[in-house]
Protein chains: 2
Amino acid sequence: MYIHEKSLRTIIDALRKKGYKATPQRIAICKYVLQDTTHPSAKIVYQRVRKEYPTISLATVYQTLKVLKELNLIQELPFSKRETRFDPNVNPHINMVCLKCGKIVDINFPEADSLLKQISESTRFRITGQRIDIYGFCEVCGQFSISIAKNKEKML
Amino acid sequence: MYIHEKSLRTIIDALRKKGYKATPQRIAICKYVLQDTTHPSAKIVYQRVRKEYPTISLATVYQTLKVLKELNLIQELPFSKRETRFDPNVNPHINMVCLKCGKIVDINFPEADSLLKQISESTRFRITGQRIDIYGFCEVCGQFSISIAKNKEKML
DNA sequence: AAACTATTTAAGAATTATTATTACCTAATA
DNA sequence: TATTAGGTAATAATAATTCTTAAATAGTTT
Ligand SMILES: [Mn+2]
Ligand SMILES: [Mn+2]
Ligand SMILES: [Zn+2]
Ligand SMILES: [Zn+2]
């Protein structure tokens with residue numbers, strides 16, 4: 001159940017509840033990013049939202065993404081290749097990350113909840129979030145990577 | 001079983017096998033980073049190795065860390081706060097990451113192997129690595145964070 | 001042991017994702 | 001509609017990482 005399944009009203013209320021103004025820019029960015037499950041980068045979010053708001057700035061995108069993270073509506077996923085990607089799925093799940101084409105797809109991991117509960121009990125660690133990535137080569141990149149791919153063209 | 005349990009000879013051989021020269025700088029960096037389980041940043045590695053090699057440069061540290069990653073002897077762990085940390089434990093395990101003090105400790109996750117095997121079979125994804133992080137507040141930071149910590153002073 | 005040569009190093013410059021600054025602008029409210 | 005606290009857009013600043021290059025050297029060959 002992502003926020004993007006909820007109404008515009010819900011987004012506005014979530015912002016206001018934390019004292020943030022519901023500006024058109026923020027609403028546009030929220031609507032976009034909460035609905036894109038491809039784990040877009042800030043630049044991609046910027047390019048997409050720009051179509052609707054041509055005057056928007058990249059700094060506003062970054063600042064809104066930070067707000068969304070603070071509201072726990074998205075998760076930040078930094079990668080080696082210096083490009084952070086953003087994920088509207090904040091529930092425990094696995095990101096399958098292709099090192100060749102950069103595609104990231106979610107897969108379910110129902111056992112995560114009990115695992116986390118167990119860990120929080122056995123350690124004295126107060127858990128607030130998690131990240132589970134699996135790296136490798138997706139189906140379409142897998143074949144090529146055997147013969148062609150070297151470390152040079154890895155995307156992440 | 002980390003490499004640091006092995007001999008100097010083993011490190012040198014690992015480098016040479018891939019066509020890398022075993023320079024004193026590289027050996028010093030390898031010896032240090034393969035034995036530090038606190039997940040140090042590049043800067044920390046630099047500061048530590050500097051004590052033995054005062055003329056070493058940060059660029060050399062970065063380049064050697066890249067080599068070690070290529071040899072699959074360490075893992076790179078980028079975080080939100082723009083400071084990548086390095087982990088000599090490349091086997092599937094869980095990183096418990098404290099958002100207040102930045103401490104990262106490994107905990108075992110024996111079920112990971114079968115989970116990964118199962119996923120690689122059910123998807124057509126060729127797995128080459130993984131990363132499992134749990135974020136929150138460690139035992140010593142946990143209490144304070146209730147009253148003091150805001151998002152401002154988060155380390156990662 | 002000296003010479004050879006492809007790599008590597010160190011220093012500094014360059015790159016680039018992200019953050020800070022600031023002068024207008026606007027959403028929310030009365 | 002006026003007030004105002006806070007937001008936006010443009011730009012500059014920051015800083016982690018990478019690139020460039022001349023000098024040094026590891027590994028090899030004579
Ligand atoms: Mn995801
Ligand atoms: Mn670890
Ligand atoms: Zn792919
Ligand atoms: Zn802590």
Side-chain angles (χ1 to χ4, degrees), chain A residues 8-9 11-30 40-47 49-50 52-71 74 76-86 102 151-156, chain B residues 8-9 11-30 40-47 49-50 52-70 76-86 102 151-156:
Chain A
L8 179 64
R9 183 85 260 140
I11 293 175
I12 294 174
D13 289 345
L15 286 170
R16 294 216 181 123
K17 193 188 305 181
K18 287 283 187 170
Y20 292 110
K21 285 184 178 174
T23 65
Q25 292 92 332
R26 271 188 187 146
I27 292 170
I29 294 166
C30 292
S41 64
K43 202 195 301 179
I44 293 289
V45 174
Y46 174 56
Q47 288 168 359
V49 177
R50 224 149 124 73
E52 193 186 351
Y53 279 84
T55 68
I56 211 159
S57 84
L58 186 54
T60 299
V61 171
Y62 273 109
Q63 118 83 7
T64 302
L65 291 171
K66 189 182 287 185
V67 168
L68 281 172
K69 186 188 176 188
E70 198 183 323
L71 298 176
I74 62 170
E76 218 179 329
L77 300 176
F79 287 97
S80 308
K81 289 301 162 225
R82 305 237 257 131
E83 205 185 48
T84 299
R85 314 257 306 241
F86 295 88
N151 294 54
K152 301 304 179 185
E153 57 270 281
K154 283 187 183 176
M155 303 259 322
L156 294 172
Chain B
L8 180 65
R9 182 85 260 141
I11 293 174
I12 294 175
D13 289 346
L15 286 169
R16 294 215 181 127
K17 194 187 305 179
K18 288 282 188 172
Y20 292 110
K21 288 183 178 176
T23 66
Q25 292 92 333
R26 270 186 187 150
I27 292 169
I29 294 167
C30 291
S41 65
K43 201 195 299 178
I44 293 289
V45 174
Y46 174 57
Q47 288 169 358
V49 177
R50 223 149 126 72
E52 194 186 351
Y53 278 85
T55 67
I56 212 159
S57 83
L58 188 53
T60 300
V61 171
Y62 273 110
Q63 117 83 9
T64 302
L65 290 172
K66 189 183 286 184
V67 168
L68 281 172
K69 185 187 176 189
E70 197 184 325
E76 218 178 330
L77 300 176
F79 288 97
S80 307
K81 289 300 162 225
R82 305 237 258 129
E83 205 185 49
T84 299
R85 314 253 312 237
F86 295 88
N151 294 55
K152 300 305 178 186
E153 56 272 280
K154 283 187 184 175
M155 302 259 322
L156 293 171

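Every chain is numbered from 1, with letters handed out A, B, ... down the list of sequences.
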May I ask you to evaluate whether R26(A) reaches the phosphate of dT8(D), defined as a side-chain N or O under 4.0 Å from OP1 or OP2?
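So the side-chain polar atoms of R26(A) do come within 4.0 Å of the phosphate oxygens OP1 or OP2 of dT8(D), strictly under.
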Has Q63(A) got a side-chain N or O lying under 4.0 Å from the OP1 or OP2 atom of dT8(D)?
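Yes, Q63(A) has a side-chain N/O under 4.0 Å of OP1/OP2 on dT8(D).
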I'd like to know if the side chain of T64(A) and the backbone of T60(A) have a donor-acceptor N/O pair within less than 3.5 Å.
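Here the side-chain-to-backbone pair exists.
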A22(B): partners by side chain to side chain contact (heavy atoms under 4.5 Å, CB included), with sequence neighbours left out
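With sequence neighbours excluded, A22(B) shows a side chain to side chain contact (heavy atoms under 4.5 Å, CB included) to I12(B), L15(B), R16(B), I27(B), given in chain and number order.
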Do T84(A) and S80(B) come within less than 4.5 Å of each other through their side chains, counting heavy atoms only?
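Sidechains of S80(B) and T84(A): no contact.
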For DNA chain C, which residues in residues 17-24 of chain A have a heavy atom at a distance below 4.0 Å?
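Listed by number, they are K21(A), A22(A), P24(A).
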Would E76(A) and F79(B) satisfy side-chain contact (heavy atoms from CB on, under 4.5 Å), going step by step from the backbone distance to the final call?
CA-CA 9 Å; E76(A) 218 179 329; F79(B) 288 97; over 6 Å; no
Let me spell it out: for each of Q25(B) and L58(B), pick the nucleotide of DNA chain D with the closest heavy atom. Which residue's pick is nearer the 5' end?
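Its nearest nucleotide lies further toward 5', so the answer is L58(B).
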Between R16(B) and F86(B), which is nearer to the 5' end of DNA chain D once each is assigned its nearest nucleotide?
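Looking at the nearest nucleotide for each, F86(B) comes out on the 5' side.
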Starting at atom OH of Y46(B), determine the distance to atom P of dA15(D), rounded to an integer number of angstrom.
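Roughly 17 Å, once rounded to whole Å.
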Can you measure Y62(A) atom OH to dT14(D) atom C1' for me and round it to whole angstrom units?
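Between C1' of dT14(D) and OH of Y62(A): 13 Å.
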Criterion side-chain contact (heavy atoms from CB on, under 4.5 Å) against I29(B), the qualifying member of V49(B), V67(B), T23(B):
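Single side-chain contact (heavy atoms from CB on, under 4.5 Å) partner of I29(B) among V49(B), V67(B), T23(B): V49(B).
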Need two values: the first and the last nucleotide of DNA chain C, 5' to 3', having an atom under 4.0 Å from any heavy-atom of chain B.
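Boundary nucleotides touching chain B, in 5' to 3' order, are dA6(C) to dT18(C).
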Output the distance between atom CG (L71(A)) and atom NZ (K66(A)), rounded to the nearest 0.5 Å.
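Output value for this atom pair is 13.0 Å.
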Could you measure the distance from the CZ atom of R26(A) to the CD1 atom of I11(A)? Nearest 0.5 Å is fine.
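R26(A) atom CZ to I11(A) atom CD1 measures 13.0 Å (nearest 0.5 Å).
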Audit row: I56(A), Y46(A), side-chain contact (heavy atoms from CB on, under 4.5 Å) steps and yes/no
CA-CA 8 Å; I56(A) 211 159; Y46(A) 174 56; 3.9 Å; yes
